[in-house]
Number of protein chains: 2
Amino acid sequence: MTETAVPRTAAGTNTSGTAAPEAQAGTVPQDVTAAVHAIADRSREASRRMARANRAWKDQALLEIADALVARRDAVIAANREDLEAGRQNGTSKALLDRLSLDAGRIDGLAAALRSLAALPDPVGTVARGQTLPNGLRLRQVHVPMGVVAAIYEARPNVTVDIAGLALKSGNAVILRGGSAAARTNAALIGIIRDSLDRVGLPADAVQTVDEYGRAGANVLMQARGRVDVLIPRGGRDLIQTVVNNARVPVIETGEGNVHIFLDESAREEMAVEILLNAKTQRPSVCNTVETLLVHSGAAAAPAVLAALAAAGVRLHVDGRVAQLLPDGVAAEPATDQDWGREYMDLDLAVAMVDSMDEAISHIRRWTTGHTEAIITNDLSNAEKFIAEIDSAAVIVNASTRFTDGGEFGLGAEVGISTQKMHARGPMGLQELTTTKWIVQGEGQTRS
Amino acid sequence: MTETAVPRTAAGTNTSGTAAPEAQAGTVPQDVTAAVHAIADRSREASRRMARANRAWKDQALLEIADALVARRDAVIAANREDLEAGRQNGTSKALLDRLSLDAGRIDGLAAALRSLAALPDPVGTVARGQTLPNGLRLRQVHVPMGVVAAIYEARPNVTVDIAGLALKSGNAVILRGGSAAARTNAALIGIIRDSLDRVGLPADAVQTVDEYGRAGANVLMQARGRVDVLIPRGGRDLIQTVVNNARVPVIETGEGNVHIFLDESAREEMAVEILLNAKTQRPSVCNTVETLLVHSGAAAAPAVLAALAAAGVRLHVDGRVAQLLPDGVAAEPATDQDWGREYMDLDLAVAMVDSMDEAISHIRRWTTGHTEAIITNDLSNAEKFIAEIDSAAVIVNASTRFTDGGEFGLGAEVGISTQKMHARGPMGLQELTTTKWIVQGEGQTRS
């Protein structure tokens, strides 16, 4: 049985219970730096053992963690209740409390996700490229674990289990920093994970937390060049901005989606209505939900689409020309520039009219976050132009934007959705938690 | 004929003629920020046209540039002479002047490299992964250009042509910042490149420079989030450190190689001698040359290897046990910890004795920069252990470390050698200057 992490009051700990971004620049006490570096050094040691563990062993660990989560459900729920109670006393919003809360059903869901992860192929050892060179050298580029992965996220305990599972499956060690409002829940979950690793003979230090060091600990993580191989911030815009601005270690930005759908002249009404309803109302609080609809001035499908959206309870924010198009009885409010740039994550949709595809593309280029854009069209050359000219992680023709998702793309699991161009773009699965190594084998070759 | 960049005295310009790192943190005048942002915005526009240019068109541009470099050789050499003269007056070292200098032969070499680049396949449009999903959606992950690539490098005019060629072939626009000691030469080269682009109907702004804005311009580039998609520093340790510490845009670190060779007990003498001579003396000033030799205490090949190196003029820096192993007449000086951490880039070699492979691996882990390490052995399980446990961009068995090179690996060309784990690791070719885009095509699919 390994020692489990227990949150304690330490220099820099934020126990205010808010779900605000926990990572902010600032001075860091010397002892916090030393403590976090020691955690990172243990993580490096553990990462070396994880890198050599074969798939069967890693899968055994995931299944063991899944079983332990179910078996120790009551302890997790008890810790979660304390976090929730503290949150309520601090006036945390209902929405944040909902994301923080775990019940038996949600814990079973986390265990099920780990079991699915165990069923996925191992990215480690996959050969990306390889050939025998003219001089006889055998060359292979092989996927290997990143090493030490760090994650900074908000008060969502499910992310703790998700990221730990993905990191372990891909042969990495992980250092977690969750929102302090979930500190007790995270400590309980991490304790269960570490015990399980220990039971199957893998290093407990493959999963560690710096939660007890609060924001100061997060700062040290962000600056730990050479100790942290990649840092993944997962959360809202403020958290990601803070990490990007302060990090000196490689970062993968995830998240924000100001997603557009362009309703082309040739769009068929029935398809357009179905896609828009799905993209806006199926789960409005996530990053792949549509936020702006661009309507071609000649699109016959537009009134039916707007009427269907309004009937489904969507609040429309429209420009002047769209306002004139609204069927009787469909309400809307005037849109401002703020609406074009906004990720509502709610039952709101900005709607603008354009006179051409080029105008639609210009609008998207100006306002997009580069996550997902879709076109609804029956015109082949317009579809191809859209695909060629839109520079986003996912470009969709005649389907819902809600498909931009690791599970839907067949990656099996998802660390997050990268909106940057380096290393990973779009849904990040297990492979994106690996790097590569060139292996060269010869029999004495020298260069001339 | 497009306007060519002409260096002028501007705020922040360093005209001291030194080849020291040009990028340093500091305050940036408002007008420099606006000017560099305007350059970046023109680069973005140009990148959109480059992204749509097919391979034939891009290759035509490369061949046009190659021809123009040869045709306008005299103008380049005249500009280079001015740079060299200014450098001499500023007391620039002979080695740096040599790297700065261009003659007819070197210019022909640059033209030849561009022609080879034209013969390489186009990475743009390559499908990385793809499948039809259970719901009928057709999914493809396709390589697309990064967009706006920036490069900050030292006073080596060949890098100007190299990086511009690689960026153009991979469908990108590039913003260059070379060492100010080469400002006149770079201006001449960039003028030729821009004229050539214009002649073939591609945007001249696909290749721009911020040289006229000096260090202040480099600082703006490093901070231009959203405007620069990737920044590649190419040069020595100080330059790379400065960029990594100050950049807010994604960076790919290149360079530094503290390369090790482990001489295992079972190494055959003849092979060991040949590999060590090649790895140390064939071109000692580059990053894939060996800097430390680790000798197993039972390696019978060791004395012959040390004698051969000494005979080839290599200065040996040895620990106490290696000293006792030196054949008569072979001189050496005692090594200190400084030697283990040093990238000599000269005819110097640190030599340490170890009693086991684990000890060799520990030494490497402590001192390596993660570039290249090699083992010379005839023991299969030792070879496999070395491959599994050494975490460097290239791991070599029984061949010279000099093979870690884009050309040697069959990538055709090389932007640099990445020593980071994100995005690119080891020699970076054309593919590493691309990102990917997910393209999803359906007929009305929605998510349930």
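Note on naming: letters A, B, ... go to the chains in the order of the sequence lines (proteins, then strands), and numbering restarts at 1 for each one. Note that this is a predicted model, so its numbers are computed, not measured.
The stretch residues 435-445 of chain A places A/Thr435, A/Thr436, A/Lys437, A/Trp438, A/Ile439, A/Val440, A/Gln441, A/Gly442, A/Glu443, A/Gly444, A/Gln445 near chain B, each with some heavy atom under 4.5 Å from a heavy atom of that chain.
Rounded to the nearest 0.5 angstrom, A/Thr446 OG1 and B/Leu276 CG are separated by 12.0 Å. The CG atom of B/Leu133 sits 8.0 Å away from atom CZ of A/Phe409, with the distance rounded to the nearest 0.5 Å. Here B/Asn245 contributes atom CG and A/Arg225 contributes atom CZ; the two are 6.5 Å apart, rounded to the nearest 0.5 Å. Summarising the geometry, atom CG belonging to B/Asp391 is positioned 7.0 Å from atom CZ belonging to A/Arg44; distances are rounded to the nearest 0.5 Å. Note that the CG atom of A/Asn278 and the OG atom of B/Ser448 stand 8.0 Å from one another [nearest 0.5 Å].
Among B/Thr401, B/Ile252, B/Ile275, the residue making the largest number of heavy-atom pairs under 4.5 Å with chain A is B/Ile275. Interface check for chain A: of the options B/Val244, B/Val251, B/Val230, the most heavy-atom pairs under 4.5 Å are formed by B/Val244. Ranking A/Arg138, A/Glu389, A/Glu274, A/Arg283 against chain B, the residue ahead of the rest is A/Glu389, based on heavy-atom pairs under 4.5 Å. No other option in A/Gly147, A/Ala424, A/Ala394 has as many heavy-atom pairs under 4.5 Å with chain B as A/Ala394.
B/Gln223 does not touch chain A: none of its heavy atoms, backbone or side chain, sits under 4.5 Å away. For chain A, the nearby part of B/Asn135 is the side chain; its heavy atoms alone come within less than 4.5 Å. Using a 4.5 Å cut-off between heavy atoms, B/Leu139 touches chain A through its side chain atoms alone. Contacts of B/Leu411 with chain A are made by side-chain atoms alone, with heavy-atom separations under 4.5 Å and no backbone atom involved. For B/Val144, the part lying under 4.5 angstrom from a heavy atom of chain A is the side chain only. Heavy atoms closer than 4.5 Å to chain A are found in the side chain of B/Gln282, but not in its backbone. When heavy atoms are compared at a cutoff of 4.5 Å, B/Arg48 approaches chain A solely by way of its side chain, counted from C-beta outward. For B/Ile390, the part lying near chain A is the backbone, with the side chain staying farther off; criterion is any non-hydrogen pair under 4.5 Å. With a threshold of 4.5 angstrom between heavy atoms, B/Ala393 approaches chain A through N, CA, C or O but not through any side-chain atom. Contacts between B/Thr434 and chain A at a heavy-atom distance below 4.5 Å are absent for every atom of the residue. For B/Arg268, no part lies under 4.5 angstrom from a heavy atom of chain A.
The shortest non-hydrogen separation linking A/Asn288 to B/Arg447 is ND2-NH1, 3.9 Å.
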Exercise for review: Go through the steps for B/Arg129 and A/Glu432 under the test salt bridge (charged side-chain N to carboxylate O under 4.0 Å, His left out), then give the verdict.
Suggested key: CA-CA 13 Å; B/Arg129 286 183 277 186; A/Glu432 284 71 25; 3.0 Å; yes
Check your understanding: Between B/Met422 and A/Met146, does a side chain to side chain contact (heavy atoms under 4.5 Å, CB included) hold up when you go through it step by step?
Key -> CA-CA 8 Å; B/Met422 257 181 60; A/Met146 276 279 183; 3.9 Å; yes
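A heavy-atom distance below 4.5 Å is not found between the side chains of A/Lys421 and B/His423.
A/Asn54 is linked by a side chain to side chain contact (heavy atoms under 4.5 Å, CB included) to A/Ala56, A/Trp57, counting only residues two or more places apart in sequence or in another chain.
The number of heavy-atom neighbours closer than 6.0 Å to CZ of B/Arg237, taken from other residues, nucleotides and ligands shown, is 12 or below.
Salt-bridge check for B/Arg365 with A/Glu45: failed, with every basic side-chain N at 4.0 Å or more from each acidic carboxylate O.
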